[in-house]
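Before any comments, here is the structure.
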Amino acid sequence: MSAYSKIEKKWQKLWLRSGVYEPDLKKAKKPFYNLMMFPYPSAEGLHIGSVRTFTGIDIYGRFKRMEGYDVFEPIGLDGFGMHSENYALRIGAHPMRLAKVTEKNFYRQLEMIGNGFAWKEKLETYDTEYYKWTQWIFAQMFKKGLAYRKRSPVNWCPSCKTVLADEQVQSEECERCGSKIEKKDLEQWFFRITDYAERLLESLEKIDWPESIKTAQRNWIGRSEGYSLKFPLIGIPGQEDRKHSIDIFTTRPDTLFGVTFVVVSPELAKRWINAGWHASDEVQKYISKALVLRGSKEASVEAEKTGVFSGIYAINPANKEKIPVWVSDYVLDTYGTGAIMAVPAHDSRDFEFAKKFNLTIREVVSPDGRDHDLRVAFTDPGVLINSARFNGANSEAAKIEITKFAGGDRKINYRLRDWLISRQRYWGPPIPMIFCGVCGKSRKGERKDMAGWYPIPEKDLPVKLPFIKDYRPRGTGESPLAKDKKFSKVRCPKCKSWARRETDVSDTFLDSTWYFFRYLDAKNKRIPFDKLKVKKWLPVDMYIGGAEHSVLHLLYSRFVAKAFYDWKIINFNEPFKKFRAHGLIIKDGAKMSKSKGNIVNPDGYFKDFGADVMRLYLAFMAPLEQGGDFRDQGISGIDRFLARVKKLNSKLARTSKEGLSENSEKLLHKSIKKVGDDIENLHYNTAISQLMILLNEFEKLPSLPWHAFEIFLKLLAPFAPHLTEELWQNFKKNKIFKKQNSIHLQSWPKFDSKKIKDESFKLIVQINGRVRAVLDATTGISEKEAIALAMDNENIKKNLSSLAGSPKKTIFVPDKLLNLVI
RNA sequence: GCCGCCGUGGCGGAAUUGGUUUACGCAGAGGACUUAAAAUCCUCGGCUCGAAAGGGCUUGUGGGUUCAAAUCCCACCGGCGGCACCA
């Protein structure tokens, strides 16, 4: 047991009772929303890394509170989803029961760390009152045309037995379990996030986020400015020539005269077959083989290109040449139109393909206007050749002209794809949709493209997740809920016939897109939050979380906020004004993981050292945005530091009359400035080091003036909230603790800029750039005075005489340095 | 392959953004207190030559710009992260 645990428990109780950390959500004058990504709870408990993040942002929040803001720092649990469910599966517990256990443990730990949480507003995503509104959002998405079902090749995790969104696949592995992802052709629910691609990209400009995260989002959205062109088709058996044509997207229309073949993806070819194209056996065989290979390791970039001639030809719109259409899996179906114009001379992939299948390579862009025997594709801009009337033109400049000439147009393409939202799992909010085969057939659905599908009427929400015994994922492409007939059989809201309820649940990432709205909840309202409170508190002023959410939660939340904006329920479209990513805590140079057995459980440390020591230690390790190695030896230094702070008490001056010496006063004011600046920049490590320097100074004093002690406690308060409160209350001799006399509601000390100014400084004297003396000098001395001072120094004299020369040039940096160049 | 970030003592990390490299802390050495140890307190501490005064070298490596480079530029080496046949 730590020496501090008693006072820590005491203050935690008193703070809670007096509501020190509960701002008035309706009336607050200077609202400041201080948010951390809420944790996925698992029974293993809170990770030391999360503790560092949580206490880290709490330091910031406490600082802001002392600066006079009404700080709102809510907390909750992101308890739905595969993280919790996979853990339940592993230990053979039921997630619904397990949730109650983990919840208790998590809240215990979250209390233990001493954060200024607004506990009244806590929430859990698996609470029916919460997911009622997650379902409401889904239903709204459907009503606004932003949710739809589509059959397509999707990511399938064979271990989690569910489909996943593209964002949840990381280098072909499942974000949750690390299994290799397979492709399956399934009908699934999607959110039309691609409709927001441009806006998601644009408004990145106006938010204060790390550039690296913005870049990651930009890359993910993958905007590409190019051109679309049509290639008429001939030679399709049983079809009139030029009746059909093929659309392609290119960024290089300047190379159009060099197009010697067209390639379509196996998926597109398959769709042609489904539409009635009679392809040869060889072509059919290739397509089915390629489709199987898709998504497996063999189909990697390094593999040799494969393909087959389709038997069909296309007409190059620029020179009317007849060119063959090939099928190959080097063309992606999911980007552009699933078909490309191949320019082997100027694209390395096309070049490789042409070499392998002996196809024509025609150079049309040349560095010098001459023809070459190309060994590799020439991909730079240059002068056009073999391009009829465009010969001699600059390739860059000719892009738009050639496009117009060939009847094409400008086109912007995005890499981003729609958000696959359905999951064949149990532990999530059931998707609030009903399919009616009776009135659906009559095509009277509210949305023509989704005939027969109806959202659950708002008055019938939530669709409660039933308790079912066997909640294990089935791997059949259906959720375990599909087996529960009582659940799935339902009356059609339109025609009242028996209909089928959707049994998939929604992605956990939908739960977390809007939780920070729900902290500002309103009971019995028509929207999931209180409009006035949201107007007051959102967007979030400071958000901290992991960079691993760059293109997951952070992208999805932005999308949902933009949708809310369009539905006119909020008046802003970026949810997080300022975001900072915390660093990763490692142990013995390696990422903490169960398999390595190097997970650090915070409980023992908090018990042994106390929350204040741990908070300080975690903050002192490195700047919050940097990671660090967790080494327990370092804790003892912090432990000593706090013990010495405690001892300051016995040094306190008898009366308030005593003052500090000029030098100590200066250090005190410099510290006020530095600690404040450092907290603002999340450089807690240097703030703490400054407090240590200040303490070292105080310890040298015969007695400590009251005002210095007060200021010191306030500066330390965000880091060590319990001990500072204890010392503060003792010092102030408050008999009864009231909210407003808490140290955490005192105002942050102000520094006097006059007192910070130094009247002397260390003059660095260099000769030819080498330091030869460091002299005490008066602030503001002139170059002449500095030189005189330097010349008076023995070592300088000696050095100058040995060089036997007088300075050719002197460099003088006021109040800093004098460099004599001989 | 492309894009982004990083490299400072035995260790975590500082360095006012071009001006004393190594603040603060850990670990270490010496000393005080103690019968002894722990705790606490004081002192030292990049490497190297020197008894000292003082000098030389040093921020992954090599070069450049500059009176002056951890900081700016170029090349290379090593590490981390993102994207990856994106037409």
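Proteins come first, then strands; the chains are lettered A, B, ... in the order of their sequence lines, and each starts at number 1. Here the structure is a predicted model, which is why all the values come from computation and not from measurement.
OP1 or OP2 of B/G55 sits under 4.0 Å from a side-chain N or O of A/Arg772. Within the 4.0 Å cut-off from OP1 or OP2 of B/A39, not a single side-chain nitrogen or oxygen of A/Arg640 is found. Using a 4.0 Å cut-off, some side-chain N or O of A/Arg770 falls inside it from OP1 or OP2 of B/C57. Checking the phosphate oxygens (OP1, OP2) of B/A84, a side-chain nitrogen or oxygen of A/Arg415 falls inside 4.0 Å. Residue A/Lys816 has no polar side-chain atom (N or O) positioned under 4.0 Å from OP1 or OP2 of B/G19.
Pairing each heavy atom of A/Gly546 with each of A/Met37, the nearest pair is N-SD, 3.5 Å.
The glycosidic torsion of B/G9 lies within 90° of 0, which places this base in the syn conformation. Under the 90° criterion around 0 for the glycosidic angle, B/U17 counts as syn.
Counting non-hydrogen atoms under 4.0 angstrom, A/Asn413 reaches nothing in the nucleic acid. Residue A/Val331 is in base contact, counting any heavy-atom pair closer than 4.0 Å across all strands shown. The residue A/Arg218 sits apart from the nucleic acid: no heavy atom pair falls under 4.0 Å.
Taking atom P in both B/A37 and B/G28, the straight-line distance is 16 Å, to the nearest Å. Separation of the P atoms belonging to B/A14 and B/G60 is 15 Å when rounded to the nearest angstrom. Comparing B/G19 with B/C5, their C1' atoms sit 27 Å apart, to the nearest whole Å. Taking atom P in both B/G55 and B/U21, the straight-line distance is 13 Å, to the nearest Å. Annotation: B/A29 and B/A38 have their P atoms spaced 11 Å apart (nearest Å). Atom name C1', nucleotides B/U22 and B/U58: the rounded distance is 11 Å, in whole Å. The same atom, P, is picked in B/A15 and in B/C72; the two are 15 Å apart, to the nearest Å. Taking the P atoms as reference points, B/C47 lies 44 Å from B/C83, given to the whole Å.
Listed by chain and number, the residues in a salt bridge (Lys or Arg N to Asp or Glu O under 4.0 Å) with A/Asp639 amount to none (sequence neighbours excluded). Here A/Phe620 pairs with nothing under the ring-ring contact (aromatic ring centres under 6.0 Å, His included) rule; sequence neighbours left out. Scanning for ring-ring contact (aromatic ring centres under 6.0 Å, His included) contacts around A/Trp209 gives A/Phe579, with sequence neighbours left out. Here A/Asp409 pairs with A/Ser228 under the side chain to side chain contact (heavy atoms under 4.5 Å, CB included) rule; sequence neighbours left out. Not counting sequence neighbours, the partners of A/Glu699 by the salt bridge (Lys or Arg N to Asp or Glu O under 4.0 Å) test are A/Arg644. A search for salt bridge (Lys or Arg N to Asp or Glu O under 4.0 Å) contacts involving A/Asp815 returns nothing, not counting sequence neighbours. The side chain to side chain contact (heavy atoms under 4.5 Å, CB included) test applied to A/Glu205 returns A/Arg218, not counting sequence neighbours. In this structure A/Phe353 satisfies the ring-ring contact (aromatic ring centres under 6.0 Å, His included) test together with A/Phe261, A/Trp326, A/Tyr330, A/Phe357, sequence neighbours excluded.
The CG-P distance, from A/Asn795 to B/A52, rounds to 17 Å in whole Å. Straight-line distance from the CZ atom of A/Arg417 to the P atom of B/A84: 9 Å, rounded to whole Å. A/Phe630 has its CZ atom 14 Å from the C1' atom of B/C26, to the nearest Å. Between the CE atom of A/Met692 and the C1' atom of B/A23 there is a distance of 12 Å, rounded to whole Å. Atom CD of A/Glu173 is separated from atom P of B/G82 by 11 Å (rounded to the nearest Å). One atom, NZ of A/Lys651, and another, P of B/C41, lie 11 Å apart when rounded to the nearest Å. Atom CG of A/Asp677 and atom C1' of B/U17 are 15 Å apart (whole Å). In this structure, A/Leu584 atom CG and B/G79 atom C1' are separated by 15 Å, rounded to whole Å.
Figure legend. B/G12 is base-paired to B/C24; pairs are counted as Watson-Crick or G-U wobble with both atom distances under 3.5 Å. B/A37 makes up no base pair with any nucleotide shown, lacking Watson-Crick or G-U wobble contacts both under 3.5 Å. With both pairing distances under 3.5 Å, B/A84 is matched to nothing as a Watson-Crick or G-U wobble pair. Pairing partner, B/C5: B/G79, with both Watson-Crick or wobble hydrogen-bond distances short of 3.5 Å. Pair check for B/U43 finds B/A29; Watson-Crick or G-U wobble, both atom distances under 3.5 Å. Figure legend. B/C72 is base-paired to B/G64; pairs are counted as Watson-Crick or G-U wobble with both atom distances under 3.5 Å.
In A/Lys399, the NZ atom is crowded: over 12 heavy atoms of neighbouring residues, nucleotides or ligands sit closer than 6.0 Å.
The side chain of A/Trp220 has B/C83 as its nearest neighbour among B/G25, B/C67, B/C83. Here B/C26 is the nucleotide among B/U20, B/C24, B/C26 with the atom lying nearest to any side-chain atom of A/Ser636.
Along RNA chain B, the nucleotide nearest to A/Gly338 and the one nearest to A/Gln170 differ in position, and the one closer to the 5' end is contacted by A/Gln170. For the pair A/Thr334 and A/Asn819, both in contact range of RNA chain B, the more 5′-proximal nearest nucleotide belongs to A/Asn819.
A donor-acceptor distance shorter than 3.5 angstrom exists from the side chain of A/Thr337 to the backbone of A/Asp247, with no hydrogens or angles considered.
Residues from residues 248-256 of chain A that place a heavy atom under 4.0 Å from any atom of RNA chain B, listed by number: A/Phe249, A/Thr250, A/Thr251. Proximity of residues 693-704 of chain A to RNA chain B (heavy atom under 4.0 angstrom from any strand atom) is restricted to A/Ile693, A/Asn696.
The side-chain hydrogen bond (donor to acceptor under 3.5 Å, both in side chains) pairs that include a residue from residues 256-268 of chain A are A/Ser265-A/Asp333, A/Glu267-A/Arg294, where partners are two or more places apart or lie in different chains.
A salt bridge links A/Lys666 with A/Glu759; the closest basic N to acidic carboxylate O contact falls under 4.0 Å. Ion pairing between a basic and an acidic side chain is recognised when a charged N comes within 4.0 Å of a carboxylate O; A/Asp166 and A/Arg415 show no such pairing.
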Point to revise | Base-contact (B) and sugar-phosphate-only (S) positions in nucleotides 3-15 of chain B, heavy-atom cut-off under 4.0 Å, - elsewhere | key: --------SBSS-
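Residue-to-nucleotide contacts include a donor-acceptor pair under 3.5 Å from the side chain of A/Gln766 to the base of B/G19.
For A/Phe719 and A/Phe641, the distance between ring centers is not under 6.0 angstrom.
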